[in-house]
Amino acid sequence: MLRIAVLGCGRIGVMHAANVCAHPRAQLAGVYDINSTAAENCGKVHGVRVFQSADEVFASPEVDAVLIATATSTHSDYIEAAVEAGKPVLCEKPIDLDLKRVELCKSRIAGTDLPIMLGFVRRFDPGHRAARQAMLSGEIGELHQIVITSRDPGMAPDTYIEASGGIFRDMTIHDFDLARFMLGEEVETVSAMGSRLVDPALMEKCNDYDTVVAVLVTKSGKQAIITNSREAAYGYDQRVELFGSKGMVISENRHENHVTKHLRHATNVASPLLNFFIERYEDAFKAEIGHFVDVVEDGAPLEVGFEDGRLALILAEAAFTSIEEGRAVRIGETARS
C-alpha cells in the first residue's frame, strides 16, 4: 500500500486526495496546505492527518510519496525537498514559470533514480490514448498532422490570469505535452499567433493573449496545430484529431450523457459538454494516480517525467518569442533540448 501525502488542498488537490483514497493500492497519508482551514477541511473529510508544514511531510516516516498540488511557485522547491527526503513525486504542471528555475531544479536533482512524475493528465485520457494507439498500430498509416482543440468554458478570475504566467505556460502547456506524446518525435520549430478578443483590457495589462494558435513542426515535417481560447460559449471544448496517409482518428468531446434529440426544428441535438477539466478528465485523473502507484510499487516505466515538463515549458517560451518577433522559432534558440 503506497502511502501518499497531498500538498495543496485547493480544488485540484482535494480531487487528488479523493482519488488517492479510492485507489485500491494507495493510502492517503495526510494533507498539507498553507491555508490551514482548507487542509483541516480536506483532512476531516478523509479522516487523515493534517500536517503543519511541508517540512513535516517530507520528514515523516509514514509518508512514502508526495503529490504536489500547491501554487506553481513552490513546485521546484518541493520537488527538490522530496528528492532529498527520498520520496517519489507526482507534481502538477508546470514545474515552474521560469525556465531558469526549472534548469536549476534539474541540476539539483540530477542523478536521482526516484520517480518524478509530471501531472500532464491528458496523456491518460481514455479517448486520447485510444486515438494514439490506433495511430501506433498503423490504422491511419503514416502520421502527418495533429490538430488539438482546447478551449475553456469561460475566463478564469482576473487574479488567476494575472499570476498564471501567460496562456502558453498555463493552458497550452498541456497541449504542448500532448502534441509531443502523439508526434513521437521532438519539435524543431514553433510558430504562434495571439489575439486579445475575449478580454482585451486584461490581456493588455498582463501582456498576454486569450485566443492563440501554435504550429509545431518536427524534423521529418510532421505538424501539430493547437488552437486555444479562454472562453467558448458552448462549454469545455477538448478534441484531438490525428490525420495520416491512410485515414484519420478523432478523440471527441465528452458530454453529460450520450442522448441525442431529433426534433421538428433541430436534429442530432446532444447534451451539454462536461463543465470543466475535473469533470472532463475524471477518468484520466484516476488513471494518472494508478500509473503513479504502478511506477513506485511495481517499477513500471514512467510515462511522463521531469524532462517532459521541461520540454513543454521550452515550447511555451518559443511560442511567446514567436509572437513577439513575428517568426518561426527553432527550439535550440530557447534552450538546449
Side-chain angles (χ1 to χ4, degrees), residues 2-17 19-20 23 26 28-34 51 53-55 57-58 60 63-110 112-124 163-165 169-171 173-174 176-178 180-181 277-278 281 284-296 300-314 316:
L2 183 65
R3 300 172 298 178
I4 304 173
V6 172
L7 285 77
C9 296
R11 177 171 57 177
I12 197 166
V14 167
M15 177 210 64
H16 279 310
N19 287 342
V20 169
H23 193 280
L28 185 61
V31 297
Y32 165 73
D33 196 293
I34 192 170
F51 290 95
S53 70
D55 289 343
V57 173
F58 298 124
S60 174
V63 173
D64 301 319
V66 295
L67 193 159
I68 301 169
T70 49
T72 298
S73 60
T74 67
H75 289 181
S76 290
D77 290 342
Y78 286 166
I79 289 172
E80 292 167 8
V83 169
E84 185 176 356
K87 301 185 189 299
V89 181
L90 169 53
C91 182
E92 275 299 330
K93 63 79 196 170
I95 299 170
D96 197 272
L97 298 177
D98 184 350
L99 185 57
K100 290 182 180 179
R101 180 66 183 93
V102 173
E103 299 289 2
L104 178 60
C105 183
K106 179 182 177 179
S107 68
R108 287 178 173 174
I109 64 173
T112 184
D113 58 359
L114 286 169
I116 302 173
M117 180 172 166
L118 260 290
F120 286 121
V121 69
R122 296 179 191 182
R123 290 189 182 218
F124 297 95
S164 69
R169 299 184 189 96
D170 161 55
M171 180 179 175
I173 197 165
H174 270 296
F176 288 142
D177 179 72
L178 190 60
R180 290 186 59 249
F181 183 56
F277 72 95
I278 287 180
Y281 290 108
F285 278 115
K286 291 176 180 177
E288 181 181 60
I289 295 294
H291 179 62
F292 185 59
V293 173
D294 290 343
V295 168
V296 178
L302 181 63
E303 288 195 17
V304 53
F306 186 95
E307 186 65 3
D308 296 298
R310 189 182 78 91
L311 291 172
L313 187 60
I314 287 173

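From a predicted model like this one, the values you see are computed outputs, not experimental measurements. The figures here come from the full heavy-atom set of this structure, side chains too, leaving out hydrogens, waters and symmetry mates. FYI, the numbering just counts along the sequence from 1.
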* Heavy-atom check, side chain of Ile116 versus side chain of Cys91, under 4.5 Å -> no
* To do: Evaluate the side-chain proximity of Val295 to Met117: yes if any heavy-atom separation is below 4.5 Å, no if none is.
  => no
* Nearest-0.5 Å distance that lies between atom CD1 in Ile79 and atom NZ in Lys106 -> 13.5 Å
* Over all heavy atoms of both residues, which pair between Glu303 and His291 is shortest? Give the atoms and the distance, please. => N-NE2, 3.1 Å
* Got a sec, which residues hit salt bridge (charged side-chain N to carboxylate O under 4.0 Å, His left out) with Asp55, two or more places apart in sequence or on another chain? -> none
* Can you find a pair of side-chain heavy atoms, one from Arg11 and one from Phe277, that are under 4.5 Å apart? -> yes
* Asked: Under 4.5 Å between any side-chain heavy atoms of Val89 and Leu114, yes or no?
  -> no
* Asked: Under 4.5 Å between any side-chain heavy atoms of Asp96 and Cys105, yes or no?
  -> no
* To do: Please check if atom CD1 in Ile34 has more than 12 non-hydrogen atoms from other residues, nucleotides or ligands closer than 6.0 Å.
  => no
* Asked: Does Asp308 have any salt bridge (charged side-chain N to carboxylate O under 4.0 Å, His left out) partners at least two apart in sequence or in another chain, and if so, which?
  -> Arg123, Arg180
* Minimum side-chain heavy-atom gap Phe306-Val102 below 4.5 Å -> yes
* salt bridge (charged side-chain N to carboxylate O under 4.0 Å, His left out) with Lys87: which residues, sequence neighbours excluded? -> none
* To do: Decide salt bridge (charged side-chain N to carboxylate O under 4.0 Å, His left out) for Asp77 and Arg101; before the verdict, give the C-alpha distance in whole Å, the side-chain angles of both, and the deciding distance to 0.1 Å.
  => CA-CA 10 Å; Asp77 290 342; Arg101 180 66 183 93; 2.8 Å; yes
* To do: Ignoring hydrogens and angles, tell me if any N or O in the side chain of His16 forms a donor-acceptor pair with the backbone of Leu67 under 3.5 Å.
  => no
* To do: Decide yes or no on salt bridge (charged side-chain N to carboxylate O under 4.0 Å, His left out) for Glu103 and Lys100, but give the supporting numbers first.
  => CA-CA 5 Å; Glu103 299 289 2; Lys100 290 182 180 179; over 6 Å; no
* Could you check if a side-chain atom of Phe120 sits within less than 4.5 angstrom of a side-chain atom of Ile173, using non-hydrogen atoms only? => yes
* **Sub-4.5 Å side-chain heavy-atom contact between Asp170 and Thr72** => no
* Asked: With distance as the sole test, does Lys286 use its side chain to make a donor-acceptor pair with the main-chain N or O of Tyr281 at under 3.5 Å?
  -> no
* Asked: So, the side chain of Ser60 versus the backbone of Val57: is there a donor-acceptor pair under 3.5 Å, distance only?
  -> no
